[in-house]
Amino acid sequence: MNEIQRIYDRLKDIYPLTLATTLALNDGYTIDVPVIRGTAECGRFDLYKEDEDSGLFVFSVEFYGKDGDDKYTHGHPYDADEAVKYIEDFMAER
């Protein structure tokens, strides 16, 4: 089981999350890796690793703006525990 799956299993009963692959999301990704997507009132996020061997998490965020003026940012959680914290903070809108 990969780290994305473990993070999803840890949080799926707490937050409305989806586990898919980047290609299945059909959202412009050019890689095919597992991804967790979550949505809150403020926007949505995707958490994935560029590849399983790299160890590099990517936490990509789209903040919903007024009149379609959305803002995008991303971060790189250091490890799975920090990735969980990113998700918890986002879902709590902190």
### Query
Hey, any chance Phe63 and Tyr72 share a hydrophobic cluster, counting ILVMFWY side chains that come within less than 4.5 Å of each other, even indirectly?
no
#### Entry: Test ring-ring contact (aromatic ring centres under 6.0 Å, His included) applied to Tyr48 and Phe57, Tyr8, Tyr29, the passing residue
Tyr29
### Message
Does Glu88 form a side-chain contact (heavy atoms from CB on, under 4.5 Å) with Leu11? I'd like the steps, not just the answer.
### Response
CA-CA 9 Å; Glu88 291 171 334; Leu11 298 173; 4.1 Å; yes
### SB check Asp69 Lys71 (cutoff 4.0 Å)
yes
### Message
For a 4.5 angstrom cut-off between non-hydrogen side-chain atoms, does Arg37 reach Asp27?
### Response
yes
### Query
Taking everything shown except Glu93 itself, do over 12 heavy atoms lie less than 6.0 Å from its CD?
yes
### Message
I need the Ile36 CD1 to Lys12 NZ distance, nearest 0.5 Å.
### Response
11.0 Å
### Message
If I compare all heavy atoms of Leu47 with all of Pro77, which pair ends up nearest, and what's the gap?
### Response
CD1-CG, 4.3 Å
### Task
Check whether any side-chain heavy atom of Arg10 sits under 4.5 Å from a side-chain heavy atom of Ile7, and report yes or no.
no
### Query
OH of Tyr64: more than 12 outside heavy atoms within 6.0 angstrom?
yes
### Task
Could I get the full list of ring pair (Phe, Tyr, Trp, His ring centres under 6.0 Å) partners for Phe45, not counting sequence neighbours?
Phe59, Phe90
Side-chain polar contacts of residues 18-26 - donor-acceptor pairs under 3.5 angstrom, sequence neighbours left out - could you list them?
from	atom 1	to	atom 2	distance (Å)
Thr21	OG1	Ala24	N	3.2
Thr21	OG1	Asp32	OD1	3.4
Thr22	OG1	Ile31	O	2.4
Thr22	OG1	Val33	N	3.1

### Task
Could you tell me whether the side chain of Val61 reaches within less than 4.5 Å of the side chain of Tyr86, counting heavy atoms only?
no
### Query
Do the side chains of Ile4 and Met91 join up, straight or via other hydrophobic residues, at under 4.5 Å, putting them in one cluster?
yes
#### Entry: Shortest non-hydrogen separation from His74 to Ser60 and the atoms involved
CB-CA, 3.9 Å
### Query
Is the closest side-chain heavy-atom distance between Glu62 and Asp46 below 4.5 Å?
no
### Message
If the condition is ring pair (Phe, Tyr, Trp, His ring centres under 6.0 Å), which residues does Tyr15 pass it with, not counting sequence neighbours?
### Response
none
### Ion pair Asp81/Lys85, N-O distance below 4.0 Å
no
### Task
Run the numbers on His76 and Val58 for side-chain contact (heavy atoms from CB on, under 4.5 Å), then give the verdict.
CA-CA 5 Å; His76 298 281; Val58 178; 3.9 Å; yes
### Query
Considering all heavy atoms of both residues, which atom of Asp70 and which atom of Gly65 are nearest to each other, and what is their separation?
OD1-N, 3.0 Å
